[in-house]
Protein chains: 4
Amino acid sequence: MLSYRELYERGMERIRAVDGVGLLDLGVETKSQNRLNREYLESLTLEMRLMDSAWASTTTSLFGHQIPHPIQCAAICDGRLLSRLSQYWEAPYLEEIAEGVAEAGTWLWVGHVSNQDLQRLMRAGGPVARIVKPFANEGWDETAGILAELKEAEQRGCVAVGMDIDVFYGEKTGDEPPYRYSLGPKTMDELRRFVEATRLPFVVKGVLSVHDALKCKEIGARGIVVSHHGGEAIDYAVPILRVLPHIRQAVGDMTILVDTGFRRGTDILKALALGANAVGVLSILLIAFAGHGRHGVTDMIRVLAEELRRNMSICGCKSIDGIDSSIVWLPYPDGRRGERP
Amino acid sequence: MLSYRELYERGMERIRAVDGVGLLDLGVETKSQNRLNREYLESLTLEMRLMDSAWASTTTSLFGHQIPHPIQCAAICDGRLLSRLSQYWEAPYLEEIAEGVAEAGTWLWVGHVSNQDLQRLMRAGGPVARIVKPFANEGWDETAGILAELKEAEQRGCVAVGMDIDVFYGEKTGDEPPYRYSLGPKTMDELRRFVEATRLPFVVKGVLSVHDALKCKEIGARGIVVSHHGGEAIDYAVPILRVLPHIRQAVGDMTILVDTGFRRGTDILKALALGANAVGVLSILLIAFAGHGRHGVTDMIRVLAEELRRNMSICGCKSIDGIDSSIVWLPYPDGRRGERP
Amino acid sequence: MLSYRELYERGMERIRAVDGVGLLDLGVETKSQNRLNREYLESLTLEMRLMDSAWASTTTSLFGHQIPHPIQCAAICDGRLLSRLSQYWEAPYLEEIAEGVAEAGTWLWVGHVSNQDLQRLMRAGGPVARIVKPFANEGWDETAGILAELKEAEQRGCVAVGMDIDVFYGEKTGDEPPYRYSLGPKTMDELRRFVEATRLPFVVKGVLSVHDALKCKEIGARGIVVSHHGGEAIDYAVPILRVLPHIRQAVGDMTILVDTGFRRGTDILKALALGANAVGVLSILLIAFAGHGRHGVTDMIRVLAEELRRNMSICGCKSIDGIDSSIVWLPYPDGRRGERP
Amino acid sequence: MLSYRELYERGMERIRAVDGVGLLDLGVETKSQNRLNREYLESLTLEMRLMDSAWASTTTSLFGHQIPHPIQCAAICDGRLLSRLSQYWEAPYLEEIAEGVAEAGTWLWVGHVSNQDLQRLMRAGGPVARIVKPFANEGWDETAGILAELKEAEQRGCVAVGMDIDVFYGEKTGDEPPYRYSLGPKTMDELRRFVEATRLPFVVKGVLSVHDALKCKEIGARGIVVSHHGGEAIDYAVPILRVLPHIRQAVGDMTILVDTGFRRGTDILKALALGANAVGVLSILLIAFAGHGRHGVTDMIRVLAEELRRNMSICGCKSIDGIDSSIVWLPYPDGRRGERP
């Protein structure tokens, strides 16, 4: 198994070679979000609880499925960085990533892909969850199409479905005009209809407030993803881990996933301590993939899982359920620890 | 319509060519104000409220006039940067800016200009508000002259008048001796007389404390502009958005405008959330003008209005009145959100 | 009158020429104090109070003497920077500085100088206050010598005397061995004896805690100087303006002077607002002296007094007594203003 | 006696020559701990209490032994930096360090060394405390071996023994795979057995939470070392001095040592004020050793002791027991001083 450094360095070398570093940090307008998000994440510190501790187990469950650890591949699509890197692999590279993720035994969340692509990605054999876009075209009712995508996902054996509401008003990169010709807001009734149309757990992706989390509960969603779409939703987004404990307190035991900006085992442990049930990573998998292909993806997930296990052990958390929120210290001078408020 | 980046980059290129970058950041003594002001502004983050949201309307009203959005051109005069840039345009460039602003359908606030200049600027056809200087010369009563300027503005059809009290003790740039030969403080009685002399809404510009805001209410002013004159009033000025919520709480529903340092749609949204009714921008319009002339001005206002509309939508604000102050998170570790205190 | 920039730039040019920049920022061990002190000072912001304001008067009084403004020359001695600069002036340069200070109409505090030097400095004609060292040599009672210095100061017409207690344990520069062969701690009884031996106001210099301020009151001192000796007392000293409001609250109306790190009119205004009666400046006078000799000293004091007057006016302070502590805003996220606690 | 700067500069020169600077700042994964730890330490400031003060005595006692000052050599072993520096000395250099420490009259804590090495180190004649590793190999009971090491230490005349629990889950450097083939967690019962097996004071090293401190008390440990193993335990470790006052409050008068990141007398004074009984330094001794051998070690300890004594005196602490926690000011804007909570 390659080390984090080996995976990271060779990947970054290739990404630099295709002038792709900027594509790892997309964002809207001033691109402040990812910086603010990391600054907050890095200001959180951890206390050790070694007395009466033991090697941790990272096994947990998500929507009734047992999983080896709560690290998952966040919603992927055929994005700019991947296409720029395509000179290194024969297509189809999304399948390569899917196989790397499956080999590591964890879930693959997929974003905007066609039904055929979905089918190909599922051939890797790992659990797949599908995020559907909030399609909207003036004068055209997209509901039927969305319902068909949800049905397709259910029939093909996906483990969950969902919709990313943070693109209701278009995806925007920097100062480019927002890409929104086919996206638009969905009403509470429309969303409720999508939730009710599937037997799969329905997950709302792109929640960044207590307001939205409670509305998701109201429409019957089984879970939410606290995320700001890797920075492409709104500039100056409140950091994920700053809002997370407030959301956890508000929604009780609803399933919460997070993504955006998580890169190490300690990052993931902080998220779990502050209220997440599982954590999606993506940039770091793309970096590993850039350098070492599908095996890089597998190795990176395993490295992160091992970092998580060791750090949980050091913090006295014997299991995922046993992670005590008070191991996290908020940045001074607040002085409060990470108790869920 | 050009993008923000296109407008910005070509403008900055020309400003650099005339060695004018420093003129975008004037300030007194150590010039700390604009840096402190931006740091505070950038430390504020936003939460998303996408559930049950819809495309926002930015339409609102100001002093009884309906306006398409609350973004206005802050008080302009024939300043150093404009004259240095004059090699690019045939005079008169103030009129060019006025036409760009009028084309965008918003208000032009004008500072120290002659009555003839005012007349020319009004020919652009857009709404104009006039800020009169607190003229003062020893041994000379300037009251009559000030009243004449107010009367002139009223007769020519201005939408509002006002006075910038933050130059009572002279305008100062860096370590240059303050320019104050013709300026001086006005008493409460003098100010009340100006307010009462016009049927137009009278606005006091350069308010940076609850103390002053309450005194403005006391003299019957219809509105205030929370501002520190682009940095030229006092060094180490308290940041605009730090004091704004305190002022809003103190004055109730009095009209509050803000300016100084606002450059993007998110900046404007934060100001509106924390208590402003409208936001003046100027530096960014001058940059757009430097690169693309009057059409740059129009485009920049439209870009900002579109950014505001998209960001309001993402934050669940369907209208200007519907902007909820609690979408703004204050910098950690305060932990409080932007509730008006 | 030269401007601040002119005074500063030519002075720094000469100081650089004699490789003396480091001597402007002396300190103990890691030399953290001056940096921490400035960071805190610069984090304080000011609100404007222009309504109902007027040009301020800076006239005030100190120990019963009327003074044109509360800016004074902090305790000076024949230090390293001055001797390194001596190539520019014919000696005796301390007298030159004394004349520059006298010309500006303010007080000169003198540190470790001989009785003859004191006499020469007083010939400049301005008010002089003398700080005596806590001399101590093993097996030798220095009391008589100290009493003689106090008597001499009184007879020669000094306006105040005092002792700098922050050198009880030696002066230390960086990692050099502390210079302490002739200094040592004085007991409460010894200090009380010094206070009682003179009819002049006795001032304890080098107070940086409520603890010490109260003890100074107990021995009958008329005033204190909140200071950490320009950084040469203790590394990581608490910033002057952070501790000042606590001291002011504890000692009631005792006279408080401050020094260390004050360079502009706004710095001085902040100190006055947070509890000081007068402010000593030194580095900036040495810089002005380096560039322009005694006239530089005079001009710099006048520039600072004028900055103070303008900034007091803008903040609505009509007189030194009328400076309202709440014009100062503490760094966020504290949120509290500068009310004396 | 050489000065701190002389000791430091020549040492660093040699460490640079063997490309060893990075070895002074080991850490796990992102290596954030030492940076965060120093940032917090440096944000603490000190108030002076000179009135009624006197030259301090640094004499104190530890586990019933009188010691000249509370500065000790933190647990040392034959680490990477030492072996890389070995070109400068004839082996055995650990003995050289032991002699330098003994000459300075303070304790040497030793980490992972053989019984023979322990014997050699004790020949230097100074007090030695031994930290035993939590050995663990699958299918093998290491208890007997650990008990034998404890017995050996007792018989040879060590002043204390202990175990470093922060390596339960392996030592890790950067992204290297954790070195853990022979280490593993010990149960409360096992630890209690070690405590009870020796008449020497038993100290648990690597405590970084109130949780662990209370468990140490529960098993009968006589002392704890608040430490994160120089950064090699967990990434983003909470800073030593942030958690220390909480631990002090929880454990009452239990003996607390600290190490990791202390380099100057002021650092040590802050630790003592916030709850430590003694402070271990290591990196700075290795630097002194690199430059000046065993005499460098002796001199550095003496320099630190002298810095401590002078700074205690300035802060009005006449003895180690007399150090008042409120001399430490926490970073603004918390506003609270270092009272043990």
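All heavy atoms count here, side chains included; hydrogens, waters and symmetry mates do not. Every value quoted in this text rests on a predicted model; they were computed, and no experiment measured them. Within every chain, numbering begins at 1; the chains are lettered A, B, ... in the order of the sequence lines, protein sequences first and strands thereafter.
- Side-chain contact of A/Asn277 with A/Thr255: a donor-acceptor pair under 3.5 Å is absent, judged by distance alone.
- Ranked by heavy-atom pairs under 4.5 Å with chain B, the list A/Lys186, A/Lys215, A/Glu218, A/Glu190 is led by A/Lys215.
- Between chain A and the residues B/Asp52, B/Leu44, B/Thr45, the most heavy-atom pairs under 4.5 angstrom are made by B/Thr45.
- When each of A/Ala237, A/Pro185, A/Ser209 is scored by its heavy-atom pairs under 4.5 Å with chain B, the top score falls to A/Ser209.
- If you measure heavy-atom distances from B/Arg264 to chain A, the contacts under 4.5 Å come from the side chain alone.
- Counting heavy atoms from C-beta outward, A/Asp212 and A/Ile224 have side chains that stay 4.5 Å or more apart.
- Contact of A/Leu191 with chain B is made through the side chain alone, with heavy-atom distances under 4.5 Å.
- The residues A/Arg38 and A/Asp267 are annotated as salt-bridged, a charged nitrogen and a carboxylate oxygen being separated by less than 4.0 angstrom.
- A donor-acceptor contact shorter than 3.5 Å links the side chain of A/Arg248 to the backbone of A/Gly275.
- Within the model, atoms CG of B/Leu41 and CG of B/Asn34 stand 11.5 Å from one another, a figure rounded to the nearest 0.5 Å.
- When each of A/His228, A/Met188, A/Gln33, A/His211 is scored by its heavy-atom pairs under 4.5 Å with chain B, the top score falls to A/His211.
- With a threshold of 4.5 angstrom between heavy atoms, A/Ala233 approaches chain B through its backbone and through its side chain.
- In this structure, a donor-acceptor pair under 3.5 Å is absent between the side chains of A/Asp175 and B/Ser3.
- In this structure, the side chain of B/Thr106 does not engage the main chain of B/Val101 through any donor-acceptor pair within 3.5 Å.
- Highest contact tally toward chain A, considering only B/Arg5, B/Glu6, B/Arg263, is held by B/Arg5 [criterion: heavy-atom pairs under 4.5 Å].
- Ranked by heavy-atom pairs under 4.5 Å with chain A, the first of B/Gly316, B/Gly265, B/Cys315, B/Ala54 is B/Ala54.
- Proximity to chain A (any heavy atom under 4.5 Å) is shown, for B/Glu42, by both the backbone and the side chain.
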If you apply the rule ring-ring contact (aromatic ring centres under 6.0 Å, His included), what do you find for B/His292 with B/Tyr8, and how did you get there? CA-CA 10 Å; B/His292 295 273; B/Tyr8 183 83; over 10 Å; no
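- For a residue to count as touching a neighbouring chain, one of its non-hydrogen atoms must lie under 4.5 Å from one of that chain's; by this rule A/Asp189 does not touch chain B.
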